[in-house]
Amino acid sequence: KKKKKRQKYPEELKIYGIIRAINSKRQKLTSARNKLLRDDSLEESDKEMRLERLDKAIQKLINRGNQLMKNVKLGYLLR
């Protein structure tokens, strides 16, 4: 059963681990961002600076994932 899937989706499986790792990191950063938004003990200027840094890191991960998906030739889209 696994062999059939490997044969059917070889290109997708090449990037699966990378995409999964990128998404995991993005979720952690998003969680940290949401926690930061709820934190009332920080000064606004400090909070804004940290939010900006987190937003940039999240966007960088999203762009990386999109670039990977764009470059792989997905079989199910070509049929």
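Note that the structure is predicted; figures quoted are calculated from it, not measured. Throughout, numbering of the chain's residues begins at 1 and tracks the sequence.
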Legend entry - Gap separating the CG atom of Leu68 from the CD1 atom of Ile18, nearest 0.5 angstrom: 5.5 Å
Legend entry - Short N-O contact, Lys35 and Asp39, less than 4.0 angstrom: no
Legend entry - Over 12 non-hydrogen atoms of neighbours within 6.0 angstrom of NZ in Lys25: no
Inset, instruction - Is it possible for you to say whether Tyr16 and Ile22 belong to one hydrophobic cluster, with membership spreading through side-chain heavy-atom contacts below 4.5 Å? - result: no
Legend entry - Contact summary for Ala57 and Leu29, nearest pair of heavy atoms: CB-CD1, 3.7 Å
Inset, instruction - Could you state whether Leu51 and Leu61 fall into the same hydrophobic cluster, counting links through intermediate Ile, Leu, Val, Met, Phe, Trp or Tyr residues with side-chain heavy atoms under 4.5 angstrom apart? - result: yes
Inset, instruction - Check whether any side-chain heavy atom of Glu44 sits under 4.5 Å from a side-chain heavy atom of Lys47, and report yes or no. - result: yes
Legend entry - Non-hydrogen side-chain atoms of Asn63 and Gln67 separated by less than 4.5 Å: no
Inset, instruction - Supply the atom-to-atom distance Leu36 CG to Ser31 OG, rounded to the nearest 0.5 angstrom. - result: 11.0 Å
Legend entry - Residue pair Ser24 / Arg20, side-chain heavy-atom distance below 4.5 Å: no
Inset, instruction - Determine, using the 4.5 Å side-chain heavy-atom cutoff (strictly less than), whether Met69 and Leu13 are members of one ILVMFWY cluster. - result: no
Legend entry - Distance (rounded to the nearest 0.5 Å) between Lys56 NZ and Ile58 CD1: 13.0 Å
Legend entry - 4.5 Å side-chain heavy-atom contact, Ile15 and Asn71: no
Legend entry - Check: Asn23/Arg26 side-chain N/O donor and acceptor closer than 3.5 Å: yes
Inset, instruction - For the residue pair Gln59 and Asp55, confirm or rule out a side-chain donor-acceptor distance under 3.5 Å. - result: no
